[in-house]
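The block underneath contains the structure these notes are about, expressed in structure tokens.
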Amino acid sequence: MASERYNARVAEAHWQGKWEQAALFETPLKVDSSKPKYYVLEMFPYPSGRIHIGHVRNYTMGDVIARYKRAKGFQVLHPMGWDAFGMPAENAAMQNNTHPKGWTYENIDAMRRQLKLMGLSLDWKREFATCDATYYEHQQKLFLDFLNAGLAYRKESRVNWDPVDQTVLANEQVIDGCGWRSGAPVEQRDLVQWFFKISDFSEELLDAIGDLDRWPEKVRLMQKNWIGRSRGIEIPFELADDVSGFEAIDCYSTRPDTLHGASFIAISPDHPLSIALESENNILAEFNAQCRRTGTSEAVIEAGEKLGFNTGLSVKHPSEDRTLPVWIGNFVLMDYGTGAVFGCPAHDQRDLDFARKYGLDVRNAFHMPGEMGDVENEALVPPKTDKVIYQEHFAGVTEATSNDAIEETIAWFEQKGRGRSVTRYRLRDWGVSRQRYWGCPIPIIHCEDCGTVPVPETDLPVTLPDDVMLDTPGNPLDHHPTWRDVDCPKCGKPGRRETDTMDTFVDSSWYFLRFSQPDAEAPTDLEAANYWLPVDQYIGGIEHAILHLLYSRFYTRAMKITGHCDLKEPFAGLFTQGMVVHETYRDADGSWLSPIEVSVTESESGRKAHRIDNGAEVTIGGIEKMSKSKRNTVDPEDILETFGADTARWFVLSDSPPDRDVIWTEAGVEGSHRFVQRLWRLVNDVAARKAGDAAATAPNEGIAFVVLRQTHQTLARVDEMISELRFNSAVAQLHTLTNTLEQAQRKLNTDDMAGGAALRTSIMMLIQMFTPMMPHLAEECWKAMGENQMVSATAWPEADPELVREESISIPVQINGKKRGDLTIAVDEPKDAIEARVLELDFVQAALSGKAPKRVIVVPKRIVNVVV
RNA sequence: GCCCCCUUGGCGAAAUUGGUAUACGCAGCAGACUUAAAAUCUGUAGGUCGAAUAGACCGUGCCGGUUCAAGUCCGGCAGGGGGCACCA
């Protein structure tokens with residue numbers, strides 16, 4: 001039968017309508033715990049206005065899992081929402097003279113329409129945006145609960161300040177020390193801001209990483225390093241000089257075993273002593289100011305030049321009769337430890353560089369056994385598990401590992417009452433205040449008499465005012481008197497609203513809980529939350545490996561304490577997908593060209609690119625992350641229009657493993673599209689052939705049997721691969737099976753009833769197997785096979801173990817580790833029998849030339865190696 | 001600076017986690033069909049030597065090690081990439 005080409009556009013719209021009509025993907029709001037549940041969630045998008053290819057990849061993966069689990073009999077929750085607060089809306093508002101709210105909701109409408117074109121099996125009934133007052137009012141309630149529970153507090157904190165725009169700048173808005181918009185030199189300012197006490201959970205958040213066994217090892221490691229537990233000691237170094245108000249400098253050290261090598265003290269420019277000295281020493285004050293001008297990020301500080309300033313003061317060594325000079329170092333962070341360290345140049349490269357630069361002593365605390373040489377320009381830093389020889393050690397340690405010596409030193413100081421053992425964490429409290437308009441208002445009123453007063457719960461939500469001036473420098477909420485100026489709820493005197501809004505990471509730290517019952521009158525419905533959570537499979541970009549995921553883990557704990565859920569961890573399974581990247585193209589004048597302006601040809605002489613409009617040769621550049629500036633983006637809607645959603649879905653699942661970057665190529669998409677058409681032809685050809693009753697004519701030999709067997713084997717593998725999110729391998733399996741079925745369709749006579757039945761059965765299973773990946777095509781094929789029910793509503797087929805199992809297999813025979821031939825064996829043939837048969841083989845006999853083999857290794861079902 | 005990851009044909013990759021390296025796809029080449037093109041189908045394909053679809057040797061970034069056996073494990077090196085607290 002001459003079948004027509006598959007028309008994706010018509011079919012996709014049709015089936016999307018059918019699914020919606022049947023409410024196939026809506027999950028009842030009433031909890032029904034009779035079925036096993038499965039919660040699959042992709043990180044919700046920021047509504048930038050258009051979906052990009054990364055979204056297509058992310059949501060396709062989640063959709064494959066959602067559809068697969070549904071077919072496997074799970075009650076699936078697969079919701080979608082919008083991470084809708086944030087800076088881009090304010091930037092767009094200023095650039096295009098729009099309102100952040102209107103801009104955001106228009107973007108949401110546009111992106112929802114685009115996402116719907118993809119045919120995702122989402123429960124749109126649960127959709128919400130974080131900028132909906134019906135969402136953020138609950139976030140405000142949570143804030144107040146956290147405040148009550150002592151989990152939120154205020155303190156001073158340093159920010160990047162743009163003096164012209166009168167605004168706080170994100171690190172990425174600081175370019176070469178100047179504001180990105182104003183170009184003015186950025187200042188560091190201390191503002192009183194709101195914080196969440198995530199540091200209270202450092203130990204627990206760290207320890208619980210061990211239970212996250214369905215998280216990528218990489219992410220677990222990043223979180224461990226981020227929390228950064230270190231064991232050390234705090235030792236007071238008594239000042240040898242008189243400074244009023246200061247008797248000693250507390251130094252934190254993880255390496256007290258090197259104390260004998262200490263030759264100076266370095267304090268942070270923000271250390272209280274350092275600040276105290278500023279008033280009497282202008283040069284010192286200028287040095288500190290200089291240090292504060294460099295960025296706040298760790299990378300900048302650590303990679304930058306190490307600068308020091310000699311205060312002229314000195315301290316007494318805590319266990320030896322000598323003094324150490326006190327320096328201010330730009331590399332000492334006030335936020336970490338005590339803001340003061342002792343420098344041991346011999347055993348720390350940074351301290352050594354510092355000492356050489358400023359002419360400070362270099363003294364060994366230990367040396368390696370048998371090597372007495374002095375340290376020159378390379379610090380001696382052996383692994384802490386290696387034994388080293390300590391010199392003149394106060395605690396009597398001589399030869400020991402550093403680990404042991406550290407413990408003994410800490411014990412010695414504690415016993416003498418001259419220091420205390422501490423476990424420190426790198427994790428700092430989470431600053432949530434943002435001096436911006438487009439965010440969730442912090443529900444607090446400041447009163448001169450009563451201090452910070454929570455907005456009464458009955459007054460929630462504190463809604464964002466719409467009528468704000470976005471073009472005036474500073475936070476628009478500060479310039480809105482009727483919103484800002486309110487009476488104190490406690491004493492009734494005039495007060496002021498908190499005009500800071502919350503970090504957008506707060507919005508995304510609990511949205512996954514809200515999805516369990518998006519209409520709940522409280523932040524969560526306990527029954528629904530405890531039933532659906534944790535998220536069984538969470539999927540998103542690696543860029544969220546630390547902050548979003550850690551904040552969500554903190555939030556879950558804080559919400560448990562405040563009675564909003566009963567949950568240990570929010571995400572049981574996590575998958576971090578790679579990016580979609582594309583080749584770049586440059587015109588003769590060096591300007592970037594979009595892929596749609598370029599045609600690429602390939603031949604034996606290599607790849608060449610030309611401009612489509614005038615034929616001029618174009619330089620092919622590197623394969624890079626899609627970005628507007630390099631113009632190497634591909635618009636998903638174009639692809640959906642041209643090829644259809646199934647082609648796009650199939651392509652992003654093919655070839656590259658999902659956690660690695662995938663290269664978008666036009667040829668690859670066309671290849672996927674060809675496969676769609678091939679499947680369609682094959683299904684129609686099989687549908688048109690005569691077939692016997694499948695049960696009555698089940699073959700046990702011949703092509704039909706091979707086809708059935710391979711189908712069941714493929715099913716077993718695809719099942720496993722989808723479960724393990726190895727979509728590229730599942731795709732390869734389906735390709736192989738399709739090749740086999742096509743050949744069988746050609747080879748089998750049209751009146752072969754048994755063969756026809758086997759082919760039919762196989763095709764039906766094949767359709768079900770690719771349904772999660774290409775659901776529209778699958779529906780169309782299912783219908784072509786004469787089925788009335790939708791394939792999306794069918795149960796996943798089960799592989800017949802008898803058909804999956806092979807009776808005989810071919811295994812390689814090696815001589816001295818090199819393959820020299822094969823041997824066909826029964827799948828359960830005993831070892832001795834295999835060995836005996838191998839030794840009979842001609843090429844084995846020849847290699848042995850009459851001698852007995854030295855060794856014969858038989859690995860059942862795998863390999864035989866004869867060592868001669 | 002610190003921490004982490006990656007490296008397999010022309011390209012994306014696979015390899016049951018120590019057991020036949022290159023499955024599957026893309027691009028290529030040769031052929032069939034066609035007046036022609038498109039579409040479709042068939043064949044071919046790591047490298048070197050070789051007439052060979054005979055056979056041999058080499059081969060998973062580089063150097064070395066462990067093992068009967070290494071893409072996989074260990075040590076060292078090189079190249080590429082990512083993260084480092086107000087982008088989301």
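Letters A, B, ... are given to chains in the order of the sequence lines, protein chains preceding strands, and every chain is numbered from 1. Atom set for the values below is all heavy atoms of this structure, side chains included, hydrogens, waters and symmetry mates excluded.
Here the separation of B:rC73 from B:rA23, taken at their C1' atoms, is 25 Å to the nearest Å. On the C1' atoms, B:rC3 is 32 Å away from B:rC11, given to the nearest whole Å. Rounded to a whole angstrom, the distance from the C1' atom of B:rU67 to that of B:rG19 is 12 Å. For the P atom pair drawn from B:rA38 and B:rC33, the interatomic distance equals 16 Å after rounding to whole Å. Nucleotides B:rC58 and B:rU66, compared at atom C1', are 23 Å apart to the nearest Å. Comparing the P positions of B:rC57 and B:rG61 gives an interatomic distance of 23 Å, to the nearest angstrom. Annotation: B:rC62 and B:rG71 have their P atoms spaced 11 Å apart (nearest Å).
An OP1 or OP2 oxygen of B:rC68 is reached within less than 4.0 angstrom by a side-chain nitrogen or oxygen of A:R855. Contact annotation: A:N739 reaches the phosphate of B:rG25 (side-chain N/O to OP1 or OP2, under 4.0 Å). Contact annotation: A:R660 side-chain N/O to B:rA13 OP1/OP2 distance is under 4.0 Å. In terms of phosphate contacts, A:N728 brings a side-chain nitrogen or oxygen within less than 4.0 Å of OP1 or OP2 of B:rA14. Taking only side-chain nitrogens and oxygens, A:R726 comes nearer than 4.0 Å to OP1 or OP2 of B:rA15. An OP1 or OP2 oxygen of B:rC58 is reached within less than 4.0 angstrom by a side-chain nitrogen or oxygen of A:K818. The phosphate of B:rU42 has OP1 or OP2 within less than 4.0 Å of a side-chain N or O from A:R746.
The aromatic ring centroids of A:F354 and A:F331 lie less than 6.0 Å from each other. The aromatic ring centroids of A:F675 and A:W650 lie less than 6.0 Å from each other.
Residue A:R436 places a side-chain atom within donor-acceptor reach of the base of B:rC86, judged by atom type and a 3.5 Å distance cut-off alone. Side-chain atoms of A:E666 stay outside donor-acceptor range of the base of B:rC26, with no qualifying N/O pair under 3.5 Å. Side chain A:N225 to base B:rC3: no donor-acceptor pair is found below 3.5 Å.
Enclosure of atom NZ in A:K357 by more than 12 non-hydrogen atoms of other residues, nucleotides or ligands within 6.0 angstrom is indicated.
A salt bridge is absent between A:R436 and A:E90: the closest approach of a Lys/Arg side-chain nitrogen to an acidic carboxylate oxygen does not fall below 4.0 angstrom.
Contacts of A:S48 with the nucleic acid, taken as non-hydrogen atoms under 4.0 Å apart, are absent. Using a 4.0 Å heavy-atom distance criterion, A:Q349 is classed as making no nucleic acid contact. Note on A:V867: only backbone sugar-phosphate atoms sit closer than 4.0 angstrom, heavy atoms only; bases stay farther off. Nucleic acid contact class of A:F331 (heavy atoms, under 4.0 Å, all strands): none. Here A:W430 lies out of heavy-atom contact (under 4.0 Å) with every strand. Note on A:S672: nothing from the nucleic acid sits closer than 4.0 angstrom, heavy atoms only. Using a 4.0 Å heavy-atom cutoff across all strands shown, A:L427 reaches at least one base atom of the nucleic acid.
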Exercise for the section: Could you walk me through whether A:Y538 and A:F575 pass ring pair (Phe, Tyr, Trp, His ring centres under 6.0 Å), step by step? Expected result: CA-CA 6 Å; A:Y538 197 34; A:F575 189 85; over 10 Å; no
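For the pair A:R220 and A:W215, the cation-pi test (distance below 6.0 Å, angle within 45°) is failed.
Taking CG from A:N107 and OG from A:S48, the interatomic distance works out to 6.5 Å, rounded to the nearest 0.5 Å.
Classification of the A:W430-A:Y555 ring pair by plane angle, with boundaries at 30° and 60°, yields perpendicular.
Among residue pairs with one or both ends in residues 720-738 of chain A, those qualifying as salt bridge (Lys or Arg N to Asp or Glu O under 4.0 Å) are A:E724-A:R726; sequence neighbours excluded.
Comparing B:rA88, B:rC4, B:rG12 by their nearest atom to the side chain of A:L221 picks out B:rC4.
B:rG47 takes the anti form, because its glycosidic angle lies more than 90° either side of 0. Classified by its glycosidic torsion, B:rU17 falls in the syn category, the angle being within 90° of 0.
Both key distances under 3.5 Å define a Watson-Crick or G-U pair, and stretches of 3 or more such consecutive pairs in RNA chain B run B:1-7 with B:78-84, B:10-12 with B:24-26, B:28-32 with B:40-44, B:46-49 with B:55-58, B:61-65 with B:73-77.
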